[in-house]
Amino acid sequence: MLTMILKRLLLAIPSLIGVVIVTFLLTRALPGDPAAYFAGPAADKAAIEQIRVKLGFDKPLIVQFFDYVGDLARGDLGNSLTTGQPVAAEIRARLPASAELTLLGLIVSVLIAVPLGIMAATRPGSWIDHFCRVLTTAGVSLPVFFTGLILVYVFYYQLGWSPAPLGRIDVFATTPPSVTGFYLIDSIIARDFGMFRASFNQLILPAMTLAIFSLAPIARMTRASMLAVLSSDFVRTARASGLKPSTVIVTYAFRNAMLPVVTTLGMVFSFLLGANVLVEKVFAWPGIGSFAVEALISSDFAPVQGFVLTMAVMYVALNLLIDVFYGIIDPRVRMEG
Amino acid sequence: MRDITVTGVRPVTGLLATLQHTRYVLAENPVTAFAFGLFVLIVVTAIFGPHLVPIDPLQSDTAQALKPPSARHWFGTDQLGRDIFSRVIVATRLDFGIAIASVALVFAMGGLAGVAAGFFGGWTDRIVGRISDTIMAFPLFVLAMGIVAALGNTVTNIVIATAIVNFPLYARVARSEANVRREAGFVQAARLSGNGEFRILLTQILPNIMPIMVVQMSLTMGYAILNAAGLSFIGLGVRPPQAEWGIMVAEGAAFIVSGEWWIALFPGLALMIAVFCFNLLGDGLRDIVDPQRRT
């Protein structure tokens, strides 16, 4: 098991190198003179030259690249042009908000999609199977920002069940003492259940939006792989041996059917991290996505670069985690490792 | 001995067989037929839309601002009093155009690179594979954001970014399809009759993997539209006052909390219907071209 994890870690290194090269090239691909770009429209020639030297743009590309890697190794992602603050600190402060939202969205989506897929596969042609098909097709067709707005309209404006879609907690409330940065967990640690409810109420709509979006591929894959497994020989044998239908489905079929679903999770994460940006904009969520969007609008490139890099590194790490998890549920993979 | 001749029955071959199979699938699957009808409607709207709309989509009338749907303004009016129905119709051309352009671009880039990788193998394969892996190491929408931010905030760059993030999908499909045909009989025959490798690639391999690639295009059209609309939703690419579904939803977002639902709803629905249509059509086309992959 340990060798497998180590091997997989080694395999992640080329991806990381690729990610760093691409994020580096993205800044250098800025149209025109990057120094003039960073200096802003009001700068004169001398100021631009000064910035060029300060940012190291006068050096050869390869030297610039290693400077960039060196900065990254020290955790330096540059400074934001508009706020002057270090990008790394800003991203670190905002990351828990995004992570809490994305994780809750994923959990809700798995909790709905997997049982739905199993039920659809065990009763093909039934109403639940059709419901599953409609839901998965609609889920991939709905733009995630549009779903979010509909939920806001229904649950905030019409029904009044949800608080205004403005961030993680009420503007007048104080944040719970920060331990993990996840308000749900922090408020439990602080034994402040009013706070828990308040942050949960803020979180539920954006999390549902993400869940509706990511539900489709998971449910679809669960249904397809469950159908394949249920028609396999070992399930027929198990059934013929007189095992209870629930035992057959849960112990025999489910674990095998989960393998392709876990593989799909990689793709789901790619969608989720992207959708997260849009959902954060809809709900004014103070995460790294909305940070990047604000920077994009004001053509402030360092935060965008830091954001793209952070997201990519997280995505590589998540894929690593998925592979390890795959090894846990499938002994054959462990053997090969 | 009598000759037994059967008249009136000929073996179905070629185009006729495809047509018959297509008709069979469409009859079997009314959903695909419906999606195809919708597709035709979208194309017609994209081509003739600007000539059909009742009201100039850019004409503002502050006296009529934020009015709910009525007989004059079917979809209501926005904060500047512009007619949302006209704007939704006119926007079809831009959204559809962005999707078509990016899909065509990635078809050319990814398709050719993938075919070359699968056919030649070796270094070509390794380089294309590396590029695909690197792109896949990013969450796709995030990479698209980064690319548009770097190349500049224009519609052309949205097309390029959408094409780049879809590159691995096309390259992989084209690669595996070309790879299995590498030593096929007809390729060997072409080789024996003295065709060069590059010529074989263009005249033998490429036409044969076309159907699968067209399915791939149709399957990714929906994603391309969503990606482009998402980028313009966060303020990239298309600039106001130009009508585009993503940016119209973004403009309407501010009014959702005060109950003016129609500004965001109608462009959002248009977006949804377009994506829905392409997804259904893609599934349907796949059933026609490659029935075994049906899920």
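All chains are named by letter (A, B, ...) in the order of the sequence lines, taking the proteins before the strands, and each is independently numbered beginning at 1. These values consider heavy atoms only, across backbone and side chains, with no hydrogens, waters or symmetry-generated copies. The structure displayed is predicted, hence computed values, not measured ones.
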**Student:** Which atoms of B:Asn279 come close to chain A, meaning under 4.5 Å heavy atom to heavy atom: side chain ones, backbone ones, both, or neither?
**Tutor:** side chain

**Student:** Passes side-chain contact (heavy atoms from CB on, under 4.5 Å), B:Phe233 versus A:Lys281? Steps please.
**Tutor:** CA-CA 9 Å; B:Phe233 179 77; A:Lys281 172 132 168 43; 3.9 Å; yes

**Student:** Does the side chain of B:Tyr223 reach to within under 4.5 Å of the side chain of A:Phe271, using non-hydrogen atoms?
**Tutor:** yes

**Student:** Measure B:Ile147 against the heavy atoms of chain A and call it side chain, backbone, both or neither at under 4.5 Å.
**Tutor:** both

**Student:** When only pairs under 4.5 Å are counted, which of A:Met267, A:Met314, A:Met311 shares the most heavy-atom pairs with chain B?
**Tutor:** A:Met311

**Student:** Within the structure provided, determine whether A:Val19 and B:Thr134 are in side-chain contact (heavy-atom separation under 4.5 Å).
**Tutor:** no

**Student:** Less than 4.5 Å to any heavy atom of chain B: does that hold for the side chain of A:Tyr156, its backbone, both, or neither?
**Tutor:** side chain

**Student:** If you count the non-hydrogen atoms of other residues, nucleotides and ligands that lie under 6.0 Å from CZ in B:Phe255, is the total more than 12?
**Tutor:** yes

**Student:** Hey, is CZ on B:Arg239 packed in by over 12 heavy atoms from elsewhere, all under 6.0 Å?
**Tutor:** no

**Student:** With a 4.5 Å cut-off on side-chain heavy atoms, are B:Phe276 and A:Val140 touching?
**Tutor:** no

**Student:** Quick one: which residues of residues 261-272 of chain B reach chain A at under 4.5 angstrom, heavy atoms only?
**Tutor:** B:Trp261, B:Ala264, B:Leu265, B:Gly268, B:Leu269, B:Leu271, B:Met272

**Student:** Would you mind telling me which of A:Leu149, A:Val282, A:Leu273, A:Leu227 has the largest number of heavy-atom pairs within less than 4.5 Å of chain B?
**Tutor:** A:Leu149

**Student:** Run the side-chain contact (heavy atoms from CB on, under 4.5 Å) test on B:Val142 and A:Tyr315 for me, step by step, so that the C-alpha distance in whole Å, both residues' side-chain angles and the decisive distance to 0.1 Å come before the verdict.
**Tutor:** CA-CA 11 Å; B:Val142 171; A:Tyr315 184 50; over 6 Å; no

**Student:** Do A:Val304 and B:Met145 come close enough that some side-chain heavy atom pair is under 4.5 Å?
**Tutor:** no

**Student:** Please identify, among A:Leu318, A:Thr23, A:Val316, A:Val277, the residue contributing the most non-hydrogen atom pairs under 4.5 Å to chain B.
**Tutor:** A:Val277

**Student:** Within the 4.5 Å heavy-atom criterion, are A:Ser270 and B:Met136 side-chain neighbours or not?
**Tutor:** no

**Student:** Taking non-hydrogen atoms and a cut-off under 4.5 angstrom, which of residues 157-164 of chain B neighbour chain A?
**Tutor:** none

